[in-house]
*Asks:* 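Questions regarding the structure given below will be posed in turn.
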Amino acid sequence: MQNPPPVQSGKSSTGLDENIASLIAYLAGWVSGLIFFLNEKSSRLVRFHAMQSILLNVVLVVVWIVIMIVVSILVLILGQVSSALAGIVSLLSVLLYLVGGLVTLLVWVLCLIKAFQGQMYKLPVIGEYAEKFSAPK
């Protein structure tokens, strides 16, 4: 999957430079993404990064909830069999959360950098949807 070359930075309809508006769309997660997606009328770059921010944060929340439910069920079931097994699962889940948090941070920083550079950097799967939803009407 090739990403297009950097877009020439211009002004967005919010009055900010496109790269600054794109960067800000990631800063407060889905909230800032939604604000910029609804308010931006002319810049496809800003709308793309705003939608990608929304989708990324929704996916992260859903994945986190699913993992919490699965781990909780495993701990409850294994706790009936052996408290040692439940403890091991709990310990592994903490490790999973730490690794997941680090990966999330790295992806977020990558998106911030690419947005500031004025690139339409597409994350796998999410980026395709963001591009489709941010297309001009």
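Only heavy atoms go into these numbers, but all of them, side chains included; no hydrogens, no water, no symmetry mates. Bear in mind the structure is a predicted one, so any value in this text is a computation, not a measurement.
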*Asks:* Hey, what else clusters with L98 if you join Ile, Leu, Val, Met, Phe, Trp, Tyr whenever side-chain heavy atoms sit under 4.5 Å?
*Replies:* V94
*Asks:* Please list, chain by chain and in numerical order, all residues satisfying side chain to side chain contact (heavy atoms under 4.5 Å, CB included) with S93, sequence neighbours excluded.
*Replies:* V71, Y97
*Asks:* Hey, could you give me the CD1/CG distance between I24 and L16, rounded to the nearest 0.5 Å?
*Replies:* 5.0 Å
*Asks:* Mind checking whether V89 and L76 sit in one hydrophobic cluster, side chains of I, L, V, M, F, W, Y counted as touching below 4.5 Å?
*Replies:* no
*Asks:* Do L102 and V99 share a hydrophobic cluster (ILVMFWY, side-chain heavy atoms under 4.5 Å, transitive)?
*Replies:* no
*Asks:* Between CD1 of I67 and CG of L74, what distance do you get to the nearest 0.5 Å?
*Replies:* 12.0 Å
*Asks:* Can you tell me how far the CD1 atom of I35 sits from the CD1 atom of I54, to the nearest 0.5 Å?
*Replies:* 10.0 Å
*Asks:* Any heavy-atom pair between the side chains of V109 and I113 that's under 4.5 Å?
*Replies:* yes
*Asks:* Taking side chain to side chain donor-acceptor pair (under 3.5 Å) as the cut-off, I'd like each qualifying pair that reaches into residues 67-87, sequence neighbours left out, listed once.
*Replies:* none
*Asks:* Report the distance from atom OH of Y129 to atom CG of L55, rounding to the nearest 0.5 Å.
*Replies:* 9.5 Å
*Asks:* Is a side-chain donor or acceptor of E18 paired with a backbone partner of K11 at a separation under 3.5 angstrom?
*Replies:* no
*Asks:* Going only through I, L, V, M, F, W and Y residues with side-chain contacts under 4.5 Å, is there a path from I69 to V63?
*Replies:* yes
*Asks:* Return the set of residues passing side chain to side chain donor-acceptor pair (under 3.5 Å) with S12 (not counting sequence neighbours), or none when no residue passes.
*Replies:* T14, E40
*Asks:* Quick one: name the residues clustered hydrophobically with I88, using the 4.5 Å side-chain heavy-atom rule over I, L, V, M, F, W, Y, and just say none if it's on its own.
*Replies:* L92
*Asks:* Kindly say whether A25 contributes a backbone atom to a donor-acceptor pair with the side chain of S32 at under 3.5 angstrom?
*Replies:* yes
*Asks:* Can you measure from CD1 (I77) to CG (L85) and round to the nearest 0.5 angstrom?
*Replies:* 12.0 Å
*Asks:* What's the shortest heavy-atom distance between V75 and S90, and which atoms?
*Replies:* CG2-OG, 3.5 Å
*Asks:* I'd like to know if V81 and L91 are part of one continuous hydrophobic network [Ile/Leu/Val/Met/Phe/Trp/Tyr, side-chain heavy atoms within less than 4.5 Å].
*Replies:* no
*Asks:* Any idea which heavy atoms bring Q52 and Y121 closest together, and the distance?
*Replies:* NE2-O, 3.0 Å
*Asks:* Sequence neighbours left out, what pairs pass ring-ring contact (aromatic ring centres under 6.0 Å, His included) with at least one residue falling in residues 11-31?
*Replies:* Y26-H49
*Asks:* Report the C-alpha separation of K122 and E131 in whole Å, then their side-chain angles, then the decisive distance to 0.1 Å, and conclude whether the salt bridge (Lys or Arg N to Asp or Glu O under 4.0 Å) test is met.
*Replies:* CA-CA 8 Å; K122 293 189 270 186; E131 186 176 36; 3.0 Å; yes
*Asks:* So L56 and T104, side chain to side chain contact (heavy atoms under 4.5 Å, CB included) or not? Walk me through it.
*Replies:* CA-CA 10 Å; L56 175 63; T104 300; over 6 Å; no
*Asks:* Is the shortest heavy-atom distance from the side chain of W108 to the side chain of V103 under 4.5 Å?
*Replies:* no
*Asks:* First locate atom CG of L110, then atom CG of L123, and finally report the distance between them rounded to the nearest 0.5 Å.
*Replies:* 7.0 Å
*Asks:* Given side chains that start at C-beta, do those of Q117 and N19 come closer than 4.5 Å, heavy atoms only?
*Replies:* no
*Asks:* Would a 4.5 Å heavy-atom cut-off, applied to side chains only, mark M120 and R44 as touching?
*Replies:* yes
*Asks:* Does one hydrophobic cluster hold both L23 and L105, with members joined at side-chain heavy-atom distances below 4.5 Å?
*Replies:* yes
